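Single-structure report; data block below.
Along the sequence shown, residues carry numbers from 1. These numbers come from a predicted model, not from an experiment.
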Amino acid sequence: VQLQASGGGQVQPGGSLRLSCAASGSIFSIYTMGWYRQAPGKQRELVATITTGGISNYADSVKGRFTISTDNAKKTVHLQMNSLKPEDTAVYYCLLRRYTDYWGQGTLVTVSS
């Protein structure tokens, strides 16, 4: 399984970014995809996940600001990030979970004025 993430960049506080991650390889029809992030000096933490059945889970810190969605046919997950804050600055990693975790290469999001 390979994961290709895109969409990171720099944005001012209050701005928006959209991350995307496309999965390829031997993927079964039922799995979970999502995003984790790791800020400098901190541990990797959950941002949001979504199952192929559409059940989503968010970290409390992003609820109401971030929205995760998936296109099962294209095996792609998106993360719409609105009202970004400086504390959202991190490397964001795409995840596919089915019995084991597969990780993408990470994409940097910087929120700064």
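- Here the OG1 atom belonging to T67 is positioned 10.5 Å from the CZ atom belonging to R18, to the nearest 0.5 angstrom.
- You'll find the side chain of C94 reaches within 4.5 Å of the side chain of W35, heavy atoms only.
- Taken to the nearest 0.5 Å, the CG atom of L84 stands 12.0 Å off from the CD atom of Q10.
- Proximity of a side-chain donor or acceptor of Y92 to a complementary backbone N or O of G7 within less than 3.5 Å is not detected.
- In this structure, T49 contributes its side chain and G34 its backbone to no donor-acceptor pair below 3.5 Å.
- Panel note: side chain T70, backbone T76; a donor-acceptor pair is recorded below 3.5 Å.
- At most 12 non-hydrogen atoms from other residues, nucleotides or ligands lie less than 6.0 angstrom from CD of Q43.
- K42 and Q38 make their closest contact through O-NE2, 3.1 Å (heavy atoms, listed as atom of the first residue, atom of the second, distance).
- Between R65 and M81 the shortest side-chain heavy-atom distance does not fall below 4.5 Å.
- L3 and L46 fall into different hydrophobic clusters, where Ile, Leu, Val, Met, Phe, Trp and Tyr side chains are chained together by heavy-atom contacts under 4.5 Å.
- Distance check, rounded to the nearest 0.5 Å: SG of C21 to OH of Y93 gives 13.0 Å.
- Of the residues I50, L95, L96, the one that meets the side-chain contact (heavy atoms from CB on, under 4.5 Å) test with V77 is I50.
- With hydrogens and angles ignored, the 3.5 Å screen pairs no side-chain donor or acceptor of R98 with any backbone N or O of Y31.
- Both L108 and Y36 are members of a single hydrophobic cluster when ILVMFWY side chains are connected at heavy-atom separations under 4.5 Å.
- Taken from NZ in K74 to OG in S24, the straight-line distance is 15.0 Å, to the nearest 0.5 Å.
- One finds the CD atom of Q80 at 12.0 Å from the CD1 atom of I68 (value rounded to the nearest 0.5 Å).
- Salt-bridge formation is not detected for the pair D88/K85: no Lys NZ or Arg NE/NH1/NH2 atom is positioned less than 4.0 Å from an Asp or Glu carboxylate oxygen.
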Begin with the C-alpha distance, continue with both residues' side-chain angles, and end with the deciding distance and a verdict on side chain to side chain contact (heavy atoms under 4.5 Å, CB included) for W103 and V1. CA-CA 9 Å; W103 295 96; V1 175; over 6 Å; no
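- Just one of T89, V91, V62, V109 meets the side-chain contact (heavy atoms from CB on, under 4.5 Å) condition when paired with R37; it is V62.
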